[in-house]
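Keep in mind it's a predicted model, so treat the numbers as computed, not measured. Chain letters run A, B, ... following the sequence lines, proteins first and then strands; every chain starts at 1.
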Amino acid sequence: MKIYTYPIQGEETRTHYPETREDLAAFWDWFNAAPPIIGADIESTSLSVFSRGFDVRVVSFGDAYDSWVIRSDRFNAVAAQALQDRRKRFAFHNGFGFDLPALAYHQYADLDDLAERIIDTRILAHLLDPRPVWQGGQGLALKQLADILVDETAPDTSEDLHKIFREEYGATKKSGAGWRLIDIDHPTYVLYSGLDAILVYRVLMEISPTIRALGLGPLAKREHELATVVARQHMRGMLIDVDYTKQLVEDLHREEEAQAARAKRYGVDNVNSPPQVRAALLAMGETWTEKTDGGELSTAGDVLRPMADLDRNWDRVNYREPNPLADAVLRSKRAGKWRVSYAEAFLADRDVNDRIHPMISTLQARTARMAVSKPPLQQLPASDWTIRRAIIADPGHLMISADYKQIEFRVIAANADVVKMKEAIARDESIHEFTAKLLFGENYPKWKYKISKNTGFSKAYGGGIARIAFTSGVPFEEAKKVVDAYNSVFPEIDRYSKQLQRKARFGAKEVITPSGRRLPLDGHRLYAALNYETQSTARDILAGGILRVDKAGLGDHILLPVHDELLGQAPADEAADVIREVSRLMETDYRGVHIGADYEVLGPSWGHGADFGMPR
DNA sequence: ACGATCACG
DNA sequence: ACGTACGTGATCGTG
């Protein structure tokens with residue numbers, strides 16, 4: 001047995017690395033006598049749990065002073081036996097996002113059995129302060145928490161290992177090859193694996209009293225339940241239509257190249273280069289004023305689309321002669337984005353069964369909104385069916401979907417007690433149509449519907465008249481009239497927003513939502529308080545829906561949450577019944593306001609939904 | 001590494 | 001005192 005020592009908070013810790021079967025007896029002595037909750041961490045060959053070649057390399061366990069690094073190549077049964085020991089619970093950092101799926105998929109433990117015994121320090125940290133460092137928070141990585149809660153001189157294990165990967169194994173951080181190349185006996189690798197288990201244990205010891213003191217225990221429990229349900233969705237993944245997707249890659253590539261060739265005629269060699277596009281448009285005599293944050297003239301879509309005589313839906317406006325360069329740049333970039341970020345990502349990320357397993361981070365945004373990555377399925381183009389068509393239901397199944405109706409407006413109506421909005425909701429009337437009617441009378445033109453809808457969103461986000469005018473494409477004066485009318489019809493929204501800001505100015509710099517969630521505010525952006533509370537409450541309502549659907553036994557049908565929607569699948573002959581029931585379970589009442597849901601059987605693929613305009 | 005851009009709700 | 005559109009993930013070009 002090798003033993004590596006390292007000081008944490010001025011005290012010596014010992015990392016044990018058993019090499020023989022005899023060494024394991026000492027491990028079991030320690031394990032049996034260890035506290036009922038112990039720290040744990042795994043190291044693996046890569047982050048792609050479901051790819052060919054993925055392997056758990058070591059499983060580490062630790063308390064405040066001792067850790068044990070169990071190598072899987074020799075002792076995987078030992079690691080499994082320890083993880084399956086029902087007397088023990090394990091603190092993992094981001095355990096639901098990575099360690100649990102990895103250990104369950106590679107048969108170290110049953111997912112549900114282990115999930116019940118995991119405490120995820122990332123979840124606890126997010127409840128205390130959800131912000132990354134760049135937003136003024138402590139950050140949510142283990143190193144960042146350990147710096148503040150344990151010992152700021154503790155090594156940045158991940159960063160230091162990358163240095164070794166580069167210097168000793170010639171592997172870049174991006175490739176991640178170091179994780180599988182590094183010698184399993186490498187002293188730093190072993191030591192750091194053990195230290196992470198010690199650090200996660202110590203972080204837990206520091207953080208859990210605070211969670212209890214702030215009354216966040218019940219919320220923490222609920223987030224662990226949600227993370228378990230979502231970990232099952234991650235494991236389940238969803239099927240890719242590989243033949244369709246390969247054809248799609250080709251088609252997008254052809255469009256990308258054809259439009260790039262058009263752009264080249266106007267001197268733009270690379271459509272993805274803002275400086276080139278800017279210079280060429282200026283040379284063509286275009287003039288505009290929108291700037292980037294860096295102070296340069298912007299070449300974003302919002303600027304180029306009007307030049308190409310296109311609206312935000314890419315429909316012709318017939319306001320001017322389209323600038324052919326702007327048009328070509330827009331189209332080439334869109335095809336490239338769709339090809340690389342979606343179609344090719346589906347093919348690259350799929351497992352041996354042609355399933356993708358998006359990472360679903362249940363607590364990501366400051367508002368606790370969930371995020372989906374690898375691939376980013378919450379951001380698939382909705383204006384067109386072609387990308388979503390690549391995601392298909394299992395054989396004999398159909399894709400199904402249920403979504404909350406105008407959830408953020410209903411939350412605002414409830415929180416701010418917006419009388420007229422609540423009346424419209426009670427009649428189950430579309431809020432945007434209702435608003436347009438109140439503002440412009442019964443027979444309003446389409447553009448007035450758009451601007452009233454836009455005004456509603458802008459108010460909810462804390463936007464001003466200038467922003468509303470820009471996003472609606474109307475003059476400032478026109479937007480001001482609409483905003484004034486909106487405020488006189490729904491005066492409660494401004495009043496409530498100002499009240500939230502007053503409270504923030506004179507009290508704690510955070511919003512506490514009805515779920516008890518603490519949302520820190522930025523002093524110079526107090527106007528965001530209304531949106532934070534609204535977005536976060538809507539997220540918690542969706543979380544409640546997910547948990548109810550799961551408890552009712554329909555969890556196996558759910559594939560993915562998308563902010564206000566649950567995407568799922570069911571055998572063709574049950575699909576209509578299943579999604580009706582899912583939708584019924586999602587519906588709830590919030591402060592006396594009904595949060596209703598719509599539902600739909602999409603068809604054999606995600607792209608078959610009526611909203612995506614697929615010819616059927 | 002960072003800014004700009006673009007995809008979603 | 002005033003006014004501020006919110007939240008993400010991913011890729012690309014540039015320095």
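- Proximity of a side-chain donor or acceptor of A:Ser452 to a complementary backbone N or O of A:Tyr449 within less than 3.5 Å is detected.
- Within the 4.0 angstrom heavy-atom criterion, only backbone atoms of the sugar-phosphate kind lie near A:Arg388; the bases stay farther away.
- Between the side chain of A:Arg539 and the base of C:dG7, no donor-acceptor pair of N or O atoms lies under 3.5 Å.
- The aromatic rings of A:His162 and A:Phe165 sit perpendicular, their planes meeting at an angle over 60°, well past the 30° parallel limit.
- Of the possible polar contacts, one joining the A:Thr471 side chain to the A:Arg467 backbone as a donor-acceptor pair under 3.5 Å is found.
- Contact annotation: A:Gln364 reaches the phosphate of C:dG9 (side-chain N/O to OP1 or OP2, under 4.0 Å).
- Ring geometry for A:Phe50 against A:His357 counts as parallel: the plane angle stays under 30°, on a 0 to 90° scale with 60° as the upper cut.
- An OP1 or OP2 oxygen of B:dA4 is reached within less than 4.0 angstrom by no side-chain nitrogen or oxygen of A:Ser298.
- Nucleic acid contact for A:Arg525: sugar-phosphate only, since backbone atoms but no base atoms lie under 4.0 Å from a heavy atom of the residue.
- Side-chain proximity of A:Ser341 to C:dA10, C:dG9, B:dT5: nearest is C:dA10.
- When the nucleotides C:dA10, C:dC12, C:dC6 are ranked by their closest atom to the side chain of A:Val340, C:dC12 comes out on top.
- The side chain of A:Thr292 has B:dA4 as its nearest neighbour among C:dG13, B:dA4, C:dA5.
- Backbone-only engagement by A:Lys374 is indicated by non-hydrogen atom pairs under 4.0 Å involving sugar-phosphate atoms exclusively.
- Across B:dG9 and C:dA5, the matching C1' atoms stand 14 Å from one another, rounded to whole Å.
- A:Glu296 places its CD atom 14 Å from the C1' atom of C:dG13, with the value rounded to the nearest Å.
- A:Ser458 comes within 4.0 angstrom of a base, heavy atoms only.
- Base pairing annotation: C:dA1 forms no Watson-Crick or G-U wobble pair, as no partner gives both donor-acceptor distances under 3.5 Å.
- If you check every strand for non-hydrogen atoms under 4.0 Å, A:Ser383 touches sugar and phosphate atoms only.
- For A:Trp338, the listed nucleotide lying nearest its side chain is B:dA7; candidates were C:dT8, B:dA7, B:dG9.
- Here the side chain of A:Ser332 pairs a donor or acceptor atom with the backbone of A:Glu256 at under 3.5 angstrom.
- Heavy atoms of A:Gln135 sit under 4.0 angstrom from primed sugar atoms or phosphate atoms, though from no base atom.
- For A:Lys337 and B:dA7, the NZ to C1' distance is 5 Å, given to the nearest whole Å.
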